[in-house]
Amino acid sequence: MLKQQLQFKLSQKLSPQQIQLMKLIQLPTLAFEQRLKQELEENPALERGKENLDNEFDPDLDNSTDDFNDNESISAEDINVDEYLSDDEIPDYRTQANNYSSDDEEKTMPYAAGTSFTQYLINQLNTYRLSDEERDIAEFLVGSVDESGYIRRSLSDIMDDLAFTQNVYTTEETIKKVLKIVHQLDPAGVGARNLQECLSIQLHRKEKTADNALAIKIIDTAFEQFTKKHYKKLIQKFDISEIQLRDAISEIEHLNPKPGGSYSGNNRIVEHIVPDFAIKIVDGELELTLNGRNAPELHVSRSYNDMLKGYKDTKEKSKSQKDAIIFIKQKLDAAKWFIEAIKQRQQTLFITMSAIMHYQRDYFLTGDERMLKPMILKDIADEIAMDVSTVSRVANSKYVDTPYGTKLIKEFFSESMKNDQGEDVSTREIKKILETVIEEENKKKPLTDETLASILKEKGYPIARRTVAKYREQLDIPVARLRKKI
């Protein structure tokens, strides 16, 4: 028996222009500036700065291709916006677009100056008397040091690489001997293969005291017990008092677990956040501004517009002239679209952030994180009649300068749960209270997750132990045993 079935399928397909607009909305200020610079370089019909209002498209030019045969005419589908709007949205950050507003404070990208970390170490090696083989090995070891200052490769791997890439045939014993020389370089601890070795190197180079000697014993012979904070076992093992152990641990806590991070001349760009918005309190009211660098002045090239008109007025058109008209019109259309897209981006950013600011008004007026209301993306999307994905693009990548510091916007979003009064409270509020309770606990007897759950319940927040554990992990707070201090 033949069975007929009718199915309806609803699907929505975004146009290339809509996709590119979404990408523009997602870009933070610095990346947007780089994207703008790229567009200005790729599209000569787009120019920076103010222009007279009469520099709009000549209405007579909208049909400037009517003289062509049908198969040569241009339609909207023929304009490949993607050609001018690259998918490569990853910012270089090494080029700065010159489009700041007059009141912007941040004018330049800061760079760290000086020689590289590797060169800094090699310069120190030059003060040692080494054989040619030892120098080759030492320089290779220094080149294997990572950003934290560690060499995280086995000696056998290093030996093989020396043979294959440097044509240096040696033994693990020789490499170990040269490694001891690298361990004498500054900053102390550089070239260590693990945290234990890093701390041990630093302790051996410090002034010899009773605390230092005990600290060396702990790191060299009881590192696992130390990391697990089994203090009673350490007291028994070394036959020491609690005070002696506390002083030795204090000695260890003052060491640098990442010696490479202390060197500032590694020639890397300093991480630099430019706020996309600023919120100020003026006469008791909130005032929102969008960073002026997100609102560049652009216009369509008059010369390109004139060229299109000139070609149109030509009576006899050659094939090359027709191709030129198509090219110019594509560039003009792309420039006009890009200018409009930037305006839409500005409007979307401002409307979204304004809704967030008013939703969290109590927080922005006080700075008290406990005043943050439960807020999800849909709350703001419904408020401004936009898609949730649009709000997400703004929240996930933008920063706002507030009287309480520069904040990532997505930090203002949180789920809700009910307190013992049946009121909706933000999970962010609960995390803040949890953080405060842990900060005030007796570090000799840290509170377990079960105890923390009981305390929160007493404060009116009935949540399970496993939920406490989840919030604690999200706050990067270790378990009770690892918070213990003597």
Side-chain angles (χ1 to χ4, degrees), residues 117-131 134-135 137-142 144-155 158 172-266 443-444 478 481-486:
F117 187 28
T118 302
Q119 189 58 50
Y120 172 67
L121 297 175
I122 289 175
N123 290 344
Q124 293 181 66
L125 282 177
N126 293 334
T127 64
Y128 288 81
R129 184 169 294 175
L130 303 171
S131 67
E134 287 173 338
R135 181 163 296 281
I137 295 171
E139 289 187 359
F140 188 84
L141 288 170
V142 162
S144 301
V145 173
D146 65 16
E147 292 178 2
S148 298
Y150 289 83
I151 296 176
R152 303 184 192 272
R153 307 181 62 208
S154 67
L155 295 183
I158 291 172
E172 287 189 27
E173 285 302 314
T174 304
I175 295 173
K176 195 176 290 185
K177 175 187 170 186
V178 177
L179 185 59
K180 288 182 180 178
I181 296 171
V182 173
H183 288 166
Q184 296 174 33
L185 304 179
D186 290 323
V190 71
R193 288 163 289 176
N194 51 54
L195 178 60
Q196 182 180 11
E197 188 172 55
C198 178
L199 299 178
S200 180
I201 291 168
Q202 293 178 62
L203 287 168
H204 278 89
R205 286 174 61 173
K206 292 187 73 174
E207 180 185 355
K208 296 297 179 285
T209 63
D211 293 339
N212 174 267
L214 178 56
I216 289 173
K217 286 181 182 178
I218 291 171
I219 294 300
D220 288 351
T221 65
F223 185 70
E224 186 177 353
Q225 291 170 323
F226 166 73
T227 57
K228 292 182 176 178
K229 298 198 175 186
H230 290 159
Y231 295 141
K232 288 183 180 179
K233 291 182 180 179
L234 291 174
I235 289 171
Q236 292 174 355
K237 179 180 177 69
F238 297 109
D239 192 20
I240 53 176
S241 68
E242 191 174 289
I243 294 175
Q244 287 176 303
L245 179 59
R246 183 169 60 234
D247 291 343
I249 289 174
S250 177
E251 186 89 359
I252 296 168
E253 287 177 341
H254 283 84
L255 302 177
N256 185 359
K258 293 183 178 181
S262 63
Y263 184 76
S264 61
N266 54 13
K443 295 304 178 186
K444 288 190 175 184
R481 179 172 53 80
L482 297 181
R483 300 199 305 272
K484 186 177 180 182
K485 290 185 180 180
I486 292 202

Visitor: Tell me, do Phe140 and Ile175 make a side-chain contact under 4.5 Å, heavy atoms counted?
Guide: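 Result no, sub-4.5 Å side-chain heavy-atom pair not found.
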Visitor: Keeping Ser200 on the side-chain end and Gln196 on the backbone end, is there a donor-acceptor pair under 3.5 Å?
Guide: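 No, because the side chain of Ser200 does not come within donor-acceptor range (under 3.5 Å) of the backbone of Gln196.
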Visitor: Looking only at heavy atoms, what is the nearest atom pair of Gln244 and Ser241, with distance?
Guide: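 Nearest pair, atom of Gln244 first, then Ser241: OE1-N, 2.8 Å.
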Visitor: Quick check: closest heavy atoms across His183 and Val190, and the distance to 0.1 Å?
Guide: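 Looks like CD2-O, 3.5 Å.
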Visitor: Evaluate side-chain contact (heavy atoms from CB on, under 4.5 Å) for Leu214 paired with Asp247, printing each intermediate quantity in order.
Guide: CA-CA 9 Å; Leu214 178 56; Asp247 291 343; over 6 Å; no
Visitor: Determine whether Leu185 and Leu125 make a side-chain contact, defined as any pair of heavy atoms from C-beta on separated by less than 4.5 Å.
Guide: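 Contact flag for Leu185/Leu125 side chains = yes.
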Visitor: Between Ile151 and Ile158, does the side-chain contact (heavy atoms from CB on, under 4.5 Å) criterion hold? Intermediate values first, please.
Guide: CA-CA 10 Å; Ile151 296 176; Ile158 291 172; 3.9 Å; yes
Visitor: Heavy atoms only: give me the nearest Arg205-Ala188 pair and the separation to one decimal.
Guide: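 Minimum heavy-atom contact is NH1-CA, 3.5 Å.
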Visitor: For the residue pair Ile249 and Lys229, establish whether any side-chain heavy-atom pair is separated by less than 4.5 Å.
Guide: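 Ile249 does not reach Lys229 side chain to side chain.
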Visitor: Measure across Asn256 and Pro259 and return the closest heavy-atom pair with its distance rounded to 0.1 Å.
Guide: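 So the minimum-distance heavy-atom pair works out to ND2-CA, 3.5 Å.
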Visitor: Which heavy atom of Pro257 sits nearest a heavy atom of Tyr150, and at what distance?
Guide: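 So the two residues come closest at O-OH, 2.5 Å.
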Visitor: Side chains of Val182 and Leu121: does their closest heavy-atom pair fall under 4.5 Å?
Guide: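 Counting from C-beta outward, Val182 and Leu121 never come under 4.5 Å.
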Visitor: Where do Leu179 and Arg193 land on the side-chain contact (heavy atoms from CB on, under 4.5 Å) test, with the steps shown first?
Guide: CA-CA 10 Å; Leu179 185 59; Arg193 288 163 289 176; 3.6 Å; yes
Visitor: Under the 3.5 angstrom rule, does the side chain of Glu134 hit a backbone N or O of Leu130 as a donor-acceptor pair?
Guide: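 No, because the side chain of Glu134 does not come within donor-acceptor range (under 3.5 Å) of the backbone of Leu130.
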Visitor: One pair to check against side-chain contact (heavy atoms from CB on, under 4.5 Å): Ile216 and His204. What are the steps and the verdict?
Guide: CA-CA 7 Å; Ile216 289 173; His204 278 89; 3.5 Å; yes
Visitor: Judged by atom type as modelled, is there a donor-acceptor pair below 3.5 Å linking the side chain of Lys208 to the main-chain atoms of Lys206?
Guide: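 Judged by distance alone, yes, a pair lies under 3.5 Å.
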Visitor: Could you check whether any side-chain N or O of Arg153 sits under 3.5 Å from a backbone N or O of Leu141, counting only pairs where one atom can act as donor and the other as acceptor?
Guide: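 Pair absent, no side-chain N/O of Arg153 close to backbone of Leu141.
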Visitor: Can any side-chain N or O of Thr127 pair as donor or acceptor with the backbone N or O of Asn123 at less than 3.5 Å?
Guide: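 No, the answer is negative, given that no donor and acceptor are paired below the 3.5 Å cut-off.
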Visitor: Considering all heavy atoms of both residues, which atom of Tyr120 and which atom of Asp186 are nearest to each other, and what is their separation?
Guide: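 Of all heavy-atom pairs spanning Tyr120 and Asp186, the closest is CE2-O, 3.5 Å.
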Visitor: Are Ile122 and Glu139 close enough that some pair of their side-chain heavy atoms sits under 4.5 Å apart?
Guide: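 Yes, their side chains come closer than 4.5 Å.
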